[in-house]
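Let me begin by presenting the structure, written as structure tokens, before commenting on it.
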Amino acid sequence: MFAPFMLHAWLVATMVAIVGGAVGFFVVARRAAFAAHALPLGAFPGAAVASLLGVNELFGLALFSGVGVIAITQLQRGERREVASALWLALALAVGVLLLSLSGAYAQSLYGLLFGEVLGISRAQVLGVALLSALALALLALLARPLLLESLSGDLAAAAFGRARSLEGAFLLIVALSTAMAVPVVGALLVFSLMVGPASGARAYTDRPWRALLLSVLLSLAVVWSALALTYLTDGPVGFFVGALSAVCYVAGRRRSLRAGAGS
Amino acid sequence: MSGTAALSVEGACVALGGRSVLREVTFGLEPGEFCALIGSNGSGKTTLLRAILGFLPLAAGRIRLNGVVGAPGPIGYVPQKIALDPALPLRARDVVTLGLDGARLGLSWPSKARRIEVDRMLRAVGADGFAEQRIGLLSGGQQQRVLVAHALVRRPKLLLLDEPLANLDVRSSAEIVALLRRLSREYGAAVLLSAHDMNPLLSAMDRIVYLANGAAVAGRPEEVVRTEVLSSLYGYHVDVVRVHGRVVVVAAEAGEQIHEAVARDPVHTASVP
Ligand SMILES: Nc1ncnc2c1ncn2[C@@H]1O[C@H](COP(=O)(O)OP(=O)(O)O)[C@@H](O)[C@H]1O
Ligand SMILES: [Mg+2]
């Protein structure tokens, strides 16, 4: 399980888990789960383009994620975030379908992008993920308190910032960075489960925001490490284990809040 | 109006969705003054407060804070409607802490000084009993107290509260008003508090801004809450009646349509059953 060819997988998975758990805390607090789904899935055509051109998939993913952030923030001026995310997703997937039909068959790499692939992660990919992780975490640390205040209330945040400017664009950028880098490992379809499951589970176990964030990171690590081990042992798809274990986190948190609600 | 007024609103006009909501609103507040913003539902109280915060653009006129246009220092704000998510892991204490440092960038370690400050504020608003509970699970009145603490903890020079008494019973209203009155004097903060009923504020207010039909009259309560002044604001005759220490504004001998407008919403400044 810790053979050299798995080393890259463990490294990348660990970084993906830490960033996913931390960013996921804000994704859940801001009710942005759908945007966290639309951004990576809408970015996967970018990876297809990149692999077609023979460049690092991360570039394509990052590029399409960036376009997704701009599209969603612009569309959001007149629409709710859910609608804006859906519009972007539809557009990006349409482009993806077109690219696929033009480029002919590469079903294998497409399968990996959608469902995740832990083997054959290159050194360049590890470095790319490390870079994006550092960037996402730095941005998150910089904006942690304003983002938390804005999750409480946009009006309170705007009054405190001294202007009616929201952090939505910066936040979506963080989500885009952290989901794009996770796509090759976890898969575009299930990345957002890692953002939603551990974070929503964590907040049922503590009333303190920063503890909930920390717990979310720990749960996320547990999910990803277990998923990787199970993948190695069973040869099943890693995306399945990530999705299923994330759902377990969510259900556990849900049960606990329901019980706490009934008990008080 | 002096250049050092905490707030000066000069001929402010606001249009929303192509409709003029506020016309030529003019008034000023000195540091430490307590001002009631009175008007019936839909008269434009929230609009005025949001224009002062810079959330809404002015169609004409200008608004200065501490003598400066468009560069507000910290403004304390308690919005009218705020839906707090019960699933958000945030205690009442955390909400007050965010009032202190929620706009700051970067991370910080827990600090004793900050904790003492937050504790003091929680006690001041009578929220120390539920400081450790999740904000989203508190009652409306409890949340209101915590939000007041959130707004006050940075000691802003201007505090805007949008119908903060709407959720409170009579006793809590009186407590909150007395508290705001005391803290505004202590910190030298000007307070602008909106309400549809002026009665809980009678003893506290230094000034009043009375909104009707998109226009405003402002001044000291005894100058504004008068039959002639309010009649001319409404554009038809209203009587200001004082009974049992309460003030009631009632329409009399108005044209049918105008009368209806008042009758539909009899609670202009006082609850008249
Ligand atoms: N976004 C908007 N577009 C158009 N009209 C609006 C908008 N927001 C408020 N209004 C109108 O402005 C008027 C004043 O509203 P508001 O300031 O909320 O009143 P109040 O707070 O005194 O109850 C109301 O008639 C309301 O219908
Ligand atoms: Mg209002």
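First the proteins, then the strands, lettered A, B, ... as listed; each starts at 1.
Of the listed residues (V95(B), L56(B), D94(B), T97(B)), the one with the most heavy-atom contacts under 4.5 Å to chain A is D94(B). Chain A forms more heavy-atom pairs under 4.5 Å with one residue of L137(B), I135(B), D101(B), L160(B) than with any other, namely D101(B).
Within 6.0 Å of OH on Y187(B) lie more than 12 heavy atoms contributed by other residues, nucleotides or ligands. More than 12 heavy atoms of other residues, nucleotides or ligands shown are found within 6.0 angstrom of CZ on F241(A).
At a 4.5 Å heavy-atom cutoff, the contact between L84(B) and chain A is made by side-chain atoms alone. Proximity to chain B is limited to the side chain of A144(A), based on heavy atoms less than 4.5 angstrom apart. Contact annotation for A29(A): both backbone and side-chain heavy atoms come within less than 4.5 Å of a heavy atom of chain B. Within the 4.5 angstrom heavy-atom criterion, only side-chain atoms of I82(B), from C-beta onward, approach chain A. Proximity to chain B is limited to the side chain of R31(A), based on heavy atoms less than 4.5 angstrom apart. Using a 4.5 Å cut-off between heavy atoms, R154(B) touches chain A through its side chain atoms alone.
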| query | Could you walk me through whether L100(B) and R145(A) pass the side chain to side chain contact (heavy atoms under 4.5 Å, CB included) check? | reply | CA-CA 11 Å; L100(B) 208 52; R145(A) 286 182 281 181; over 6 Å; no

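Rounded to the nearest 0.5 Å, atoms CZ (R208(A)) and CZ (R134(B)) are 12.0 Å apart. Summarising the geometry, atom CG belonging to L98(B) is positioned 12.0 Å from atom CD belonging to E150(A); distances are rounded to the nearest 0.5 Å. Note that CG of L147(B) and CG of D155(A) are 11.0 Å apart. Values are rounded to the nearest 0.5 Å. To the nearest 0.5 Å, the span separating OG on S153(A) from NE2 on H150(B) amounts to 7.5 Å.
Here the shortest heavy-atom pairing between Y77(B) and A159(A) reads CB-CB, 3.7 Å. The heavy-atom pair separating A141(A) from L107(B) by the smallest distance is O-CD2, 3.7 Å. Contact record, A160(A) with A103(B): O-CB, 3.8 Å, taken as the closest heavy-atom pair.
You'll find the side chain of R203(A) stays beyond 4.5 Å of the side chain of L90(B), heavy atoms only. No side-chain heavy atom of P146(A) sits under 4.5 Å from any side-chain heavy atom of R104(B). The shortest distance between side-chain heavy atoms of Y205(A) and P89(B) does not fall below 4.5 Å.
Ion pairing between D207(A) and R91(B) fails under the 4.0 Å rule for side-chain N and carboxylate O.
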